[in-house]
Chemist: 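Here it is: the structure, laid out below.
Labels below follow one simple rule: chain letters A, B, ... track the order of the sequence lines, proteins then strands, and each chain is numbered from 1.
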Amino acid sequence: MNWPDQEKSDEVPPFLDNLNPPQMQAVLHTDGPVMIIAGAGSGKTRVLTFRIANIVHKGVDPFNILALTFTNKAAKEMRNRIEKLVGGNARNLWMGTFHSVFARILRQEAERIGYPSNFTIYDSDDSKSLIKTILKEMNIDDKMYKPNLVLGRISMAKNNLITAKDYFQNEELINQDKASNRGKFADIYLAYTTRCFKAGAMDFDDILVNTHMIFKHHVDILNKWQHKFKYILVDEYQDTNHVQYMITKKLAAVTQNICVVGDDAQSIYAFRGANIQNILNFERDYPDVSTYKLEQNYRSTQIIVNAASSVIKNNKKQLEKKVWTANEEGDKIKVTRNASENDEGKRVAEYIFQDKQNEHLPNKAFAILYRTNAQSRAMEEALRRQGIDYRIYGGTSFYQRKEVKDLLSYLRFVINPNDEEALKRIINYPARGIGDTSLNRLIYLSGQQNMGLWEVIKNIRSFPEIGNGGPKIENFGMMIQSFIGLTDTTNAFDLATHVAKQTGLMRTLFEDKSVEGISRYENITELLNGIQEFVEDDESEKDKTLANFLEEVALYTDDQKDKDPDRDCISLMTIHASKGLEFPIVHLIGMEENLFPSQMALMNRQELEEERRLFYVAVTRAERKLYLSFATSRFKYGSLIPCEPSRFIDEIDSKYLDMSLASMKSKAVYQRNSDEEQFVSANKPTSNKSIFTTPKVAAPLPPEDPNFVAGDISQLKVGDMVQHQRFGRGVVAEIEGEGQNQKAKVNFDNIGTKVLVLKFAKMRIL
DNA sequence: TACTAAGCTCTTTTT
DNA sequence: GAGCTTAGTA
């Protein structure tokens with residue numbers, strides 16, 4: 001749609017006709033601080049897009065509008081929708097995730113704080129690897145200081161704008177560390193930031209922290225951007241953390257034209273520092289704020305909306321809001337109990353097959369949601385068997401695969417030779433005879449000479465103490481130099497192809513004819529194709545440099561490369577990834593205590609509340625039909641553990657539930673798996689209100705017996721009597737499969753029949 | 001130095 | 001079961 005050249009107008013533009021009154025108000029009120037509290041399914045994205053379109057309609061240059069989202073998916077979706085309303089002009093909007101927008105700003109401004117403009121972005125793997133290196137160098141035990149834990153704490157500090165220096169002076173934090181016997185955190189933090197800085201690298205948090213630092217210390221720069229962004233919109237405001245909050249506050253300080261949209265009930269990112277207080281306090285920060293509440297749900301049936309509310313109402317911390325719907329009542333939520341993960345998969349696949357037939361629905365209408373990425377496997381298998389096409393969102397992203405990261409590391413290193421994490425990946429891959437010994441000498445020299453690793457490599461001839469590895473290192477250095485020489489004259493695709501071939505990476509993978517090898521080779525080809533597309537895509541106005549490609553890749557973690565976005569397939573994803581999406585029919589699997597809610601969340605009430613909000617998000621993705629399922633047992637670390645249904649099922653008012661396949665009848669199923677009894681019977685249910693007969697807390701598993709060793713019972717025969725370390729005595733009834741997959745069905749005296757994978761079974765023949 | 005086998009540890013979600 | 005680290009061997 002093109003806008004006529006008309007005066008700024010306060011009249012309602014015609015394209016807004018089909019908005020409902022509260023939505024309309026939120027769209028028309030463009031100036032001054034605005035908060036929109038938008039319940040699930042209330043047309044939030046619609047309001048945001050129309051609002052932006054309306055601002056553009058009023059004559060504001062899209063170049064002066066900043067719209068921040070949390071995921072790339074959300075940004076892309078919104079851009080498309082706005083483009084439909086305002087045309088190609090929408091491309092000039094500053095719209096993207098916090099990280100991508102601020103990385104873009106940092107490319108222009110980072111030099112003011114001593115970073116090169118071609119800084120590298122470290123992903124979590126790089127950060128973790130750097131932490132490990134530091135721990136090793138500082139001789140710190142990585143059992144006590146687990147890299148993930150250290151990283152989490154550093155991230156927490158950064159998100160709260162506590163620098164390493166501040167950390168040393170923060171008594172509360174220091175005391176906490178001392179109390180937990182981890183007094184060296186501050187030193188590690190300092191070492192980490194120093195190393196990142198020297199490597200010209202920023203991790204995800206640094207992108208925000210450094211933006212904030214520049215805005216804070218360089219008024220001229222802040223001023224520039226404050227005046228550039230005349231209108232600021234923040235989506236999912238409930239998920240902003242402190243530093244994001246501070247940045248947006250600073251940017252909006254001049255014009256006060258800030259609009260935040262959110263739903264406190266859908267705040268699910270506290271684990272990465274999101275502060276629900278930001279939305280709760282918005283009214284305090286901007287006293288003349290206008291607040292609009294969108295409470296009508298247009299998406300889901302009454303049953304789904306009410307069921308969601310009945311769970312979320314158990315949370316104490318909430319904004320007042322009443323979500324309702326005028327939609328039909330709809331079907332009850334079907335809850336199913338399954339013996340195992342695989343049975344669960346089979347059942348879900350069957351239901352999907354039936355619903356497809358009965359209601360003539362395409363695959364696209366279905367989603368399977370789960371708490372953890374690992375749960376997708378059983379579903380995949382079942383769907384493949386049923387012949388239903390599916391697509392997994394998230395999980396191990398394409399760009400996190402080893403071979404892809406290897407090539408990207410070469411490219412990263414060429415752009416920024418201070419990037420030591422990249423160097424570590426590539427210096428001896430493909431193997432070129434620079435082993436641990438040589439690398440350690442290099443690191444030693446680097447420290448001794450106070451030079452970067454790359455400096456040492458370039459001047460390796462002046463260090464004869466390097467030993468036999470010298471010439472090999474020299475060759476490596478020259479090869480990289482030759483790549484660097486090409487960066488100015490060669491486009492990203494040609495350079496990447498050249499690198500892939502010259503380094504021998506292509507050849508190494510090509511020669512590997514195993515199934516994985518072939519797929520790895522294909523992935524490299526795919527990556528190169530991706531770079532080519534990036535180069536040839538003339539829609540994007542960004543420069544086609546390799547550096548820009550690398551940035552896009554580093555921050556674009558949520559979407560798999562998919563050649564055919566219109567493919568008709570079922571969506572499989574985590575609940576987190578599903579935020580903002582909707583599907584006619586949703587299957588929510590793995591509704592088991594300790595899985596969802598996660599075991600780790602059961603420690604304190606706040607985290608449990610977040611899990612509850614997560615459940616709320618999951619349920620409200622469904623438009624018409626919702627299925628909940630759980631398994632009574634599940635394999636974990638190679639052994640079968642009993643599971644209990646999630647407390648969240650219990651919290652739903654039972655009048656919304658169809659429990660025919662879950663509760664009373666399933667008692668029979670339940671008892672058939674008699675091994676469960678052993679673990680469950682220790683705790684009787686405390687509440688007779690519960691719709692389940694199972695208790696909420698599983699008894700601990702019996703301790704392991706160190707005298708038992710896994711495997712090595714290849715001579716096992718049917719009829720043998722065995723002793724299992726946990727399950728006791730039994731007789732082998734059947735042996736199936738071969739080699740690594742060999743399994744034995746054993747009738748145990750006390751707990752009934754079990755199928756054990758011999759490779760992992762800890763038992764011996766009596 | 002490079003490759004293989006055995007051993008140990010892991011529990012979440014994302015930019 | 002998987003991914004990673006260490007120990008052992010060529």
Chemist: Go through the structure and list residues passing side-chain contact (heavy atoms from CB on, under 4.5 Å) with M479(A), not counting sequence neighbours.
Modeler: Y410(A), R432(A), F476(A), F483(A), T503(A)
Chemist: Show every donor-acceptor pair shorter than 3.5 Å between a side-chain atom in residues 268-279 of chain A and any protein atom, with sequence neighbours excluded, or say none if there are none.
Modeler:
{"unit_1": "N275(A)", "atom_1": "OD1", "unit_2": "Q277(A)", "atom_2": "N", "d": "2.9"}
{"unit_1": "N278(A)", "atom_1": "ND2", "unit_2": "T240(A)", "atom_2": "O", "d": "3.1"}
{"unit_1": "N278(A)", "atom_1": "ND2", "unit_2": "T240(A)", "atom_2": "OG1", "d": "3.1"}

Chemist: Quick one: list whatever passes salt bridge (Lys or Arg N to Asp or Glu O under 4.0 Å) with D142(A), sequence neighbours left out.
Modeler: none
Chemist: What is the distance from CD1 of I247(A) to P of dT15(B), rounded to the nearest Å?
Modeler: 17 Å
Chemist: For dT15(B), does either OP1 or OP2 sit under 4.0 Å from a side-chain N or O belonging to T71(A)?
Modeler: no
Chemist: Thinking salt bridges, do D125(A) and K128(A) make one under a 4.0 Å N-O criterion?
Modeler: no
Chemist: Looking at residues at least two apart in the chain, or sitting in another chain, which of them share a side-chain contact (heavy atoms from CB on, under 4.5 Å) with A382(A)?
Modeler: A349(A)
Chemist: When all nucleic acid strands are considered with a 4.0 Å heavy-atom cut-off, which category describes F70(A): base, sugar-phosphate, or nothing?
Modeler: sugar-phosphate
Chemist: Under the rule for side-chain contact (heavy atoms from CB on, under 4.5 Å), what residues qualify as partners of N118(A), not counting sequence neighbours?
Modeler: P116(A), I415(A)
Chemist: Write down the protein N/O and nucleotide N/O pairs, taken from nucleotides 7-10 of chain C, whose separation is under 3.5 Å; answer none if there are no such pairs.
Modeler:
none

Chemist: Could I get the full list of salt bridge (Lys or Arg N to Asp or Glu O under 4.0 Å) partners for R425(A), not counting sequence neighbours?
Modeler: D406(A)
Chemist: Just to be sure I understand the rule, does K402(A) reach a base, reach only the sugar-phosphate, or reach nothing, if contact means heavy atoms closer than 4.0 Å?
Modeler: nothing
Chemist: From the options dT5(C), dA2(C), dT15(B), select the nucleotide whose nearest atom is closest to the side chain of K132(A).
Modeler: dT5(C)
Chemist: To the nearest 0.5 Å, how far apart are CD1 in I131(A) and OH in Y189(A)?
Modeler: 10.5 Å
Chemist: Sequence neighbours excluded, which residues qualify as side chain to side chain donor-acceptor pair (under 3.5 Å) partners of S129(A)?
Modeler: E421(A)
Chemist: Please work out if N373(A) contacts a base, only the sugar-phosphate, or nothing of the nucleic acid, heavy-atom cut-off 4.0 Å.
Modeler: sugar-phosphate
Chemist: Given that S124(A) and T372(A) both sit by DNA chain B, which one's nearest nucleotide is further toward the 5' end?
Modeler: T372(A)
Chemist: Could you give all pairs that pass the salt bridge (Lys or Arg N to Asp or Glu O under 4.0 Å) test and reach residues 463-477 of chain A, with sequence neighbours left out?
Modeler: R461(A)-E474(A)
Chemist: Classify the side chain of R272(A) versus the base of dT15(B) as yes if they form a donor-acceptor pair under 3.5 Å and no if they do not.
Modeler: no
Chemist: Of all residues at least two apart in sequence or in a different chain, which pass the salt bridge (Lys or Arg N to Asp or Glu O under 4.0 Å) check with R377(A)?
Modeler: none
Chemist: Give one of base, sugar-phosphate or nothing for Y269(A), where a contact means two heavy atoms less than 4.0 Å apart.
Modeler: sugar-phosphate
Chemist: From dG1(C), dT14(B), dT12(B), pick the nucleotide closest to the side chain of F271(A)?
Modeler: dT14(B)
Chemist: Base, sugar-phosphate, or nothing for R634(A), non-hydrogen atoms under 4.0 angstrom?
Modeler: nothing
Chemist: Looking at residues 422-438 of chain A, who's got a heavy atom less than 4.0 Å off DNA chain B?
Modeler: N428(A), A431(A), G433(A), G435(A), T437(A), S438(A)
Chemist: Distances for protein N/O vs nucleotides 7-11 of chain B N/O pairs under 3.5 angstrom?
Modeler:
{"unit_1": "dC10(B)", "atom_1": "OP1", "unit_2": "K146(A)", "atom_2": "NZ", "d": "3.3"}
{"unit_1": "dT11(B)", "atom_1": "O4'", "unit_2": "Y637(A)", "atom_2": "OH", "d": "2.9"}
{"unit_1": "dT11(B)", "atom_1": "N1", "unit_2": "Y637(A)", "atom_2": "OH", "d": "2.8"}
{"unit_1": "dT11(B)", "atom_1": "O2", "unit_2": "K636(A)", "atom_2": "NZ", "d": "2.6"}

